[in-house]
Q: 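Take a look at the following structure, please.
Please read all numbers here as calculations on a predicted model, not as lab measurements. Heads up: numbering here begins at 1 and tracks the sequence.
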Amino acid sequence: MTSDFPIDRRRLLQAAAGWSALGAVGAAPARDLSGVTLRVGTYKGLWRPLLQASGQANTPYKIDWRELNNGVLHIEAINGDALDLGSGSEIPPVFAARQKSSVRLVAVTHEDLNNQATLARKDSSIRRIADFKGKRVGYVRATTSHYYLARQLAEAGLSFSDIQAVSLTPSDGLSAFARGDLDAWAIYGYNGQLARTQYGARTIKTGVGYLSGNFPIYANPRALDDELRRAALGDLLQRLQRAFAWINGNFLAYARAQSAETRVPVGDLVELFNGRSGDYSLGPVTDAVVRSHQEVADTFLKIGVLDGPADVKPLWDRRFESVLRLPAA
């Protein structure tokens, strides 16, 4: 899949001057942020080691990292005013829109969809999604795996009622898959890679063609309304944008940093990167991003996952658009 925000060396150099001149959103470049502490949600092996490895970690404010390994937890923490910034897929905010949750979506990353996979055990007779009928299939509720599994089943003329659907956390799902308690598993991230490399899982389908590749960054409206925290958030988003661009030419260094935190072998991480569906990037909110998100909400309504329509447009906040949009080539 081709990213909506392609970055080449010339554009990155052009952008560097813009980043320096713009400073943080809502603040003059010289504003003192030393008294600010941002509470930032992270996934094991992602933003925290990424900023360190890419040289972007020396922030003028403090970061209180909070490891929360799914987007639902990030949104729940924001709702409880325990987090200023988090991230996840398009799926948790669909439910947040339905529940009128206090969260805003302020940017979007583009990541690998080949690592969003529907797997079968190596000794299983399963060769296609249609073979899932009556089988024990794991997934993670209210995540990308819930969404693409539902779409893949529908495409094969099946629904969740035709399978023995088992909702599990990623780590519990890996244990269940290893024990043989699951016949198939819709999963993302390094747990899926471990299932392939350690337990011989076979990939039946990936998320390509079923997911947009848009992964929103979630923000706390209270932080957005606070001048200093908003300025710090703008600076952090710029740092993350530079770090995401850096990944594409420096993945071995990032893989080493990831491995130190996740214990996933460096070679497995590099293999994932080499088979990626597109380059990594971080960009601003656009009309296309919002439309894509609404399509997800409408699909969930159509297949009966939602009990009513969800309007996602009010969740999207464009106040960081100017500092995240790269200059024209």
Q: Please tell me whether Phe300 and Tyr147 form a close aromatic pair, meaning their ring centres lie under 6.0 Å apart.
A: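 Here the rings of Tyr147 and Phe300 have centres that are less than 6.0 Å from each other.
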Q: Are the side chains of Ser145 and Gln116 in contact, using a 4.5 Å heavy-atom criterion?
A: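 In short, these two side chains do not touch, never coming nearer than 4.5 Å.
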Q: Taking only residues two or more places apart in sequence, or in another chain, which ones meet Glu76 in a side-chain hydrogen bond (donor to acceptor under 3.5 Å, both in side chains)?
A: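 For Glu76 there are no side-chain hydrogen bond (donor to acceptor under 3.5 Å, both in side chains) partners, ignoring immediate neighbours.
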Q: Is the shortest side-chain heavy-atom distance between Tyr61 and Leu236 below 4.5 Å?
A: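 Side chain of Tyr61 against side chain of Leu236, heavy atoms only: contact under 4.5 Å found.
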Q: In plain terms, say whether Asp317 and Arg319 are close enough for a salt bridge, that is, a side-chain N and a carboxylate O under 4.0 Å apart.
A: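 Arg319 and Asp317: salt-bridged.
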Q: When you compare the side chain of Ile187 with that of Pro170, does any pair of heavy atoms fall below 4.5 Å?
A: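 A side-chain contact exists here, since the closest heavy-atom pair is under 4.5 Å.
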Q: Who pairs with Glu295 by side-chain hydrogen bond (donor to acceptor under 3.5 Å, both in side chains), at least two apart in sequence or on another chain?
A: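 By the side-chain hydrogen bond (donor to acceptor under 3.5 Å, both in side chains) rule, Glu295 matches no residue at all.
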Q: Does any donor atom in the side chain of Arg291 or Gln294 lie under 3.5 Å from an acceptor atom in the other side chain?
A: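 Short answer, no.
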Q: Salt bridge between Asp84 and Arg66, side-chain N to carboxylate O under 4.0 Å?
A: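 Not counted as a salt bridge, because no side-chain N and carboxylate O are separated by less than 4.0 Å.
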Q: Tell me whether the count of non-hydrogen atoms from other residues, nucleotides or ligands lying under 6.0 Å of CZ in Arg222 goes above 12.
A: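 Yes.
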Q: If we count only N and O atoms by modelled type, under 3.5 Å, do the side chains of Arg141 and Asn70 hold a donor and an acceptor together?
A: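 No - no donor-acceptor pair under 3.5 Å links their side chains.
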Q: What residues form a side-chain hydrogen bond (donor to acceptor under 3.5 Å, both in side chains) with Asp287, not counting sequence neighbours?
A: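 By the side-chain hydrogen bond (donor to acceptor under 3.5 Å, both in side chains) rule, Asp287 matches Arg318.
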Q: Quick check on Asn274: does its CG atom have over 12 non-hydrogen neighbours (other residues, nucleotides or ligands) under 6.0 Å away?
A: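 Yes, CG of Asn274 has more than 12 neighbouring heavy atoms, counting only those of other groups under 6.0 Å.
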Q: Just verifying a value: how many Å separate Ile247 CD1 and Glu111 CD, rounded to the nearest 0.5 Å?
A: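 It comes to 7.5 Å.
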Q: Is the distance between the ring centroids of Phe273 and Tyr254 under 6.0 Å?
A: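 No, the ring of Phe273 stays outside the 6.0 Å limit from the ring of Tyr254, centre to centre.
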